[in-house]
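Here is the structure we will look at.
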Amino acid sequence: MKIAIINGPNLNLLGQREPGIYGSQGFDSFLEILKTRFPNIILEYFQSNVEGELVNALQQFGNEADGIILNPAAYTHTSVAIGDCIAAIKAPVVEVHISNVHAREEFRKLSHVSAKAAGTICGLGLDGYRLAIEYFINKEVDR
Ligand code: DQA
């Protein structure tokens with residue numbers, strides 16, 4: 001089973017960026033933990049600070065992966081293009097946010113992604129990515 005994790009802008013700075021909100025772990029070391037925990041899953045990872053590159057990655061993995069875990073970061077709240085892309089691709093998408101976007105500024109309550117995603121996990125820290133993988137595994141078992 002192949003799952004792609006796609007992270008949007010500034011998530012390359014995890015570990016240094018606002019640790020009170022996003023924690024002190026960088027994503028690279030967290031990804032290694034996920035790979036160890038799920039040895040039978042092919043985990044692909046892509047991060048970009050550029051909206052169009054995220055759309056390109058979604059289109060590419062949308063044909064290749066069994067599921068996509070997407071944290072669009074700030075583009076969640078602004079990108080019609082990413083929302084449209086999720087509606088267009090084959091692979092189901094789980095939207096993940098590390099922080100609880102509903103407990104923060106008003107503008108973070110709007111998501112162009114949620115309505116097109118299979119579901120959303122937010123506010124559970126990096127553990128949200130693990131939970132999304134579990135969702136795809138359980139879904140596969142149920143098939
Ligand atoms: C985020 C929440 C967004 O509002 C913010 O712009 C991010 C990260 C999260 O994971 O909590 O960059 O998606």
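When reading the values below, keep in mind they use all heavy atoms of this one structure, side chains included, and skip hydrogens, waters and symmetry mates.
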Discussion item. When you group the ILVMFWY residues by side-chain heavy-atom contacts below 4.5 Å and let the links chain together, are Phe27 and Ile98 in the same group?
Written reply: yes
Discussion item. Hydrophobic clusters here meaning ILVMFWY residues chained together by side-chain heavy-atom distances under 4.5 Å, can you tell me if Tyr135 and Ile5 are in one?
Written reply: yes
Practice prompt. Rounded to the nearest 0.5 Å, what's the gap from CD1 on Ile6 to CG on Asn56? Could you check?
Written response: 10.5 Å
Worksheet item: Should Phe46 and Leu43 be counted in the same cluster of Ile, Leu, Val, Met, Phe, Trp and Tyr side chains packed under 4.5 Å apart?
Response: no
Which atom pairs, donor and acceptor, lie under 3.5 Å between side-chain atoms of residues 82-95 and protein residues at least two apart or in another chain?
residue : atom : partner : partner atom : Å
Glu95   : OE1  : Ser114  : N            : 3.3
Glu95   : OE1  : Ser114  : OG           : 2.7
Glu95   : OE1  : Thr120  : OG1          : 2.7
Glu95   : OE2  : His97   : NE2          : 2.7
Glu95   : OE2  : Ser111  : OG           : 3.0

Which pairs of donor and acceptor atoms, one on a side chain in residues 32-40, lie under 3.5 Å apart (sequence neighbours left out)?
residue : atom : partner : partner atom : Å
Thr36   : OG1  : Glu32   : O            : 2.9

Fill in: Beyond-backbone contact of Phe107 with Thr78, side-chain heavy atoms, under 4.5 angstrom
no
Worksheet item: Measuring from Glu44:CD to Phe61:CZ, what's the distance to the nearest 0.5 Å?
Response: 5.0 Å
Worksheet item: Would you say the side chain of Leu13 lies within less than 4.5 Å of the side chain of Glu18, judging by non-hydrogen atoms?
Response: no
Discussion item. If we ignore hydrogens and angles and just use 3.5 Å, is the side chain of Asn71 paired with the main-chain N or O of Asn7 as donor and acceptor?
Written reply: no
Worksheet item: Shared ILVMFWY cluster between Ile133 and Leu124, side chains joined below 4.5 angstrom?
Response: yes
Fill in: Minimum side-chain heavy-atom gap Ile121-Tyr129 below 4.5 Å
no
Worksheet entry | Common cluster, Ile137/Val96, ILVMFWY with side-chain heavy-atom separation under 4.5 Å | yes
Worksheet item: Residues two or more places apart in sequence or in another chain: which of them pass salt bridge (charged side-chain N to carboxylate O under 4.0 Å, His left out) with Lys109?
Response: Glu106
Discussion item. Walk me through whether Leu126 and Tyr22 qualify under side-chain contact (heavy atoms from CB on, under 4.5 Å).
Written reply: CA-CA 8 Å; Leu126 287 174; Tyr22 299 112; over 6 Å; no
Worksheet item: Between the side chain of Thr76 and the main-chain N/O of Ala73, is any donor-acceptor distance below 3.5 Å?
Response: yes
